[in-house]
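This report refers to the structure that appears directly beneath it.
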2 protein chains.
Amino acid sequence: MNEQEFLSSYDKRAFDAPLVTVDAVLFTYHEGQLKVLLVKRSAHPEMGKWALPGGFVSETEDRSLEDTVVRKLREKTGVIPPYVEQLYTFGGRDRDKRGWSVTVCYTALIAHQVCESHIESVADARWIPFDRVGKLELAFDHEEIIRFAHERLVQKALYSIVPAYALPEKFTLPELQHVHEVIIGKPLQKKSFRRRIEQAELLVDTGEKRSETGRPATLYRMRDDSGSHTFVRNLEL
Amino acid sequence: MNEQEFLSSYDKRAFDAPLVTVDAVLFTYHEGQLKVLLVKRSAHPEMGKWALPGGFVSETEDRSLEDTVVRKLREKTGVIPPYVEQLYTFGGRDRDKRGWSVTVCYTALIAHQVCESHIESVADARWIPFDRVGKLELAFDHEEIIRFAHERLVQKALYSIVPAYALPEKFTLPELQHVHEVIIGKPLQKKSFRRRIEQAELLVDTGEKRSETGRPATLYRMRDDSGSHTFVRNLEL
DNA sequence: ATAATAGTGTCTTTCAGACATTATCTA
DNA sequence: TAGATAATGTCTGAAAGACACTATTAT
């Protein structure tokens with residue numbers, strides 16, 4: 001038998017295969033807090049519980065796993081988040097009552113403001129403060145997944161400015177520092193924080209200032225590639 | 001309908017699901033080189049090409065994805081590698097001619113010596129120098145996966161001593177440094193390399209020495225948790 | 001003694017921590 | 001002018017880079 005013959009006689013459905021889903025831990029920064037997007041399950045199993053946005057791969061709509069996660073996130077937020085990165089794949093016999101299952105999980109970040117109106121229009125989606133995730137009963141192993149995503153995000157906050165994707169296009173340095181502080185749960189040295197970002201030239205001065213109370217702060221914008229920059233030395237935990 | 005009723009009437013096979021496989025990039029250090037374990041495919045598709053060790057999840061044998069990868073690696077090497085970590089999940093419509101597929105990939109490390117005899121007994125498995133991977137025509141997207149695993153391993157070599165898992169239980173510091181140098185493709189400062197390992201107390205002096213030519217080198221053993229230690233500062237790339 | 005490899009001493013450089021000081025706004 | 005917040009100056013400390021030097025073996 002040659003490969004052509006093999007492929008034309010091959011039937012994927014003849015084998016037991018795990019369920020495959022894609023889930024996203026979408027973080028944002030709002031009202032001084034780190035928040036996670038959760039969706040109330042409207043179908044069995046685990047109906048009524050809060051869960052991560054996600055769902056099954058569509059063999060017709062999706063060419064890749066990224067397509068799946070982006071499609072799912074756009075359904076809930078109305079936009080494509082500027083930062084989407086694969087987190088980890090959780091798989092096992094017992095994590096879903098329907099049978100052996102695999103979920104490919106992503107971490108995503110977005111500015112609260114750009115999806116606020118759309119999320120309010122989606123009845124089942126809500127931003128939940130990260131601090132309160134422990135108080136909810138989440139579906140499947142989604143609480144574990146959120147904790148895992150958070151741990152990874154803490155590391156990123158120590159050696160990159162990836163958390164900037166949780167802010168609007170223009171933001172101030174004190175704002176960005178506060179996002180980092182909220183993520184890692186500890187205050188940072190203002191000087192150290194600014195110095196490393198300046199030296200690596202990761203932000204562009206927009207020329208604008210934002211004034212609330214006190215001295216107005218400079219508004220910056222990320223450079224195109226500054227999300228992928230990693231400092232050689234971590235901030236202290 | 002309640003959840004019980006839902007579950008008893010649920011049929012996984014009623015839905016189109018991607019193929020799910022698990023693959024491993026198993027590295028070792030031998031003859032001064034970094035090598036990768038490859039397996040010659042004996043079945044369609046891509047029959048005859050070199051591929052990563054791996055295969056389908058077994059719903060009966062495996063309780064988790066780690067079970068699958070460990071089972072597959074033990075089949076080829078005869079032992080369970082001391083370091084197995086999830087790398088990335090590659091998925092898409094076109095990566096496997098059988099249809100939409102997902103492969104959950106792992107990076108693993110092992111000492112050459114502990115599996116040498118078993119691999120020689122497995123007709124289809126071979127250690128390939130990492131440098132020569134580009135010259136082979138690999139199955140599926142396995143070359144891309146190996147490059148990805150290597151990039152991740154380079155990072156680990158800069159901020160951890162994870163590469164030590166590619167060595168036997170007892171090894172010398174110059175040996176370990178050379179593994180790091182071969183991985184990152186660049187010489188390192190002897191003093192810097194030793195200093196950080198000593199300060200973090202990651203290795204235990206076995207009291208033994210190894211003598212080849214020149215001054216005998218101290219033989220060390222890893223501490224139980226030293227694989228998970230990360231230095232706060234990277235070595236220079 | 002020489003060659004070879006292991007291991008140390010020590011000065012320089014880099015960059016984060018600490019924290020005082022100055023700058024710029026509003027009320 | 002006082003209060004608030006933004007931004008800087010500058011000293012200290014920790015850890016890596018560079019590279020010369022010493023130590024221990026075999027021949």
Side-chain angles (χ1 to χ4, degrees), chain A residues 32 154-161 164 167 170-182 184 186-221 229-237, chain B residues 32 154-161 164 167 170-182 184 186-221 229-237:
Chain A
V154 168
Q155 293 310 308
K156 299 250 183 221
L158 296 174
Y159 64 71
S160 79
I161 58 163
L167 289 173
K170 296 175 187 175
F171 54 87
T172 69
L173 264 170
E175 265 178 333
L176 179 57
Q177 181 174 338
H178 194 244
V179 179
H180 280 246
E181 289 172 336
V182 163
I184 72 178
K186 204 182 141 301
L188 294 170
Q189 288 288 336
K190 184 165 52 171
K191 184 69 187 192
S192 305
F193 190 78
R194 303 178 72 99
R195 190 170 36 199
R196 61 197 337 236
I197 291 174
E198 273 166 26
Q199 279 182 8
E201 298 182 303
L202 296 181
L203 300 182
V204 183
D205 186 335
T206 63
E208 298 168 75
K209 304 267 178 192
R210 169 178 304 157
S211 190
E212 294 187 17
T213 165
R215 176 172 170 178
T218 304
L219 279 165
Y220 293 91
R221 174 197 333 270
H229 181 273
T230 57
F231 299 101
V232 292
R233 192 165 157 187
N234 282 185
L235 294 173
E236 273 181 11
L237 196 63
Chain B
V154 168
Q155 293 311 309
K156 300 250 184 223
L158 296 174
Y159 65 70
S160 79
I161 57 163
L167 290 173
K170 296 175 187 177
F171 54 87
T172 70
L173 263 169
E175 266 179 332
L176 179 57
Q177 181 175 340
H178 194 245
V179 178
H180 281 248
E181 289 172 336
V182 163
I184 72 178
K186 205 183 143 296
L188 293 170
Q189 288 288 337
K190 183 166 51 169
K191 182 68 185 191
S192 305
F193 190 79
R194 303 179 71 98
R195 191 168 35 197
R196 62 198 335 236
I197 291 173
E198 274 166 25
Q199 279 182 9
E201 297 183 302
L202 295 182
L203 300 182
V204 183
D205 186 336
T206 63
E208 298 168 75
K209 305 267 181 194
R210 169 179 303 158
S211 191
E212 294 185 19
T213 166
R215 175 173 172 178
T218 304
L219 279 165
Y220 294 92
R221 175 200 329 272
H229 181 272
T230 57
F231 299 101
V232 293
R233 190 166 162 185
N234 282 185
L235 294 173
E236 273 181 11
L237 197 63

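In what follows, chains carry the letters A, B, and so on, assigned in the order in which the sequence lines appear, proteins first and then strands, with residues in each chain numbered from 1.
Within the 4.0 angstrom heavy-atom criterion, no nucleotide atom of any strand lies near Lys209(B). Counting non-hydrogen atoms under 4.0 angstrom, Thr213(B) reaches the backbone sugars and phosphates but no base. At the heavy-atom level, Arg196(B) lies under 4.0 Å from the strands shown only through sugar-phosphate atoms. In this structure, Glu198(A) reaches the sugar-phosphate backbone alone: every heavy-atom distance under 4.0 Å involves primed, P, OP1 or OP2 atoms, never a base. As judged by a 4.0 angstrom heavy-atom cut-off over every strand, Glu236(B) is placed among residues touching the sugar-phosphate backbone only. Within the nucleic acid shown, Thr218(A) comes within 4.0 Å of sugar-phosphate atoms alone, with no base atom in reach, counting heavy atoms only.
When all heavy atoms are compared, the tightest approach of Asn234(B) to Arg196(B) is C-NH2, 4.0 Å. The shortest non-hydrogen separation linking Gly32(B) to His178(B) is O-CE1, 3.7 Å.
Considering NZ of Lys190(B) and CG of Leu173(B), their distance stands at 11.0 Å, rounded to 0.5 Å.
If you walk DNA chain D from 5' to 3' and mark each nucleotide with an atom closer than 4.0 Å to a heavy atom of chain B, the marks span dA15(D) to dT25(D). Mapping heavy-atom proximity under 4.0 Å, the span of DNA chain C touched by chain B runs 5' to 3' from dA4(C) to dT14(C).
Between Leu203(A) and Phe171(A), the closest side-chain pair of non-hydrogen atoms falls below 4.5 Å.
Ion pair Lys186(B)/Glu236(B) not flagged as a salt bridge, since none of the NZ, NE, NH1 or NH2 atoms sits closer than 4.0 Å to an Asp/Glu carboxylate oxygen.
Residue order along DNA chain C, read from the 5' end via each residue's closest nucleotide, puts Arg195(A) first among Arg195(A) and Arg215(A). Taking for each of Ser211(B) and Ala217(A) the nucleotide of DNA chain D with the nearest heavy atom, the 5'-most of the two is the partner of Ala217(A). Heavy-atom nearest nucleotides on DNA chain D were determined for Pro174(A) and for Gln199(B), and the one closer to the 5' end corresponds to Pro174(A). Judged by closest nucleotide on DNA chain C, Gly214(B) is the one of Leu235(A) and Gly214(B) placed further toward the 5' end.
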Is there a side-chain contact (heavy atoms from CB on, under 4.5 Å) between Leu188(B) and Gln177(B) once you walk through the steps?
CA-CA 8 Å; Leu188(B) 293 170; Gln177(B) 181 175 340; 3.9 Å; yes

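Looking only at distances, no side-chain donor or acceptor of Thr172(B) sits under 3.5 Å from a matching main-chain atom of Ala217(B). Checked by atom type and distance alone, the side chain of Thr206(B) pairs as donor or acceptor with a backbone atom of Leu219(B) at under 3.5 Å.
Between the side chains of Thr218(A) and Lys209(A), at least one donor N or O lies within less than 3.5 Å of an accepting N or O.
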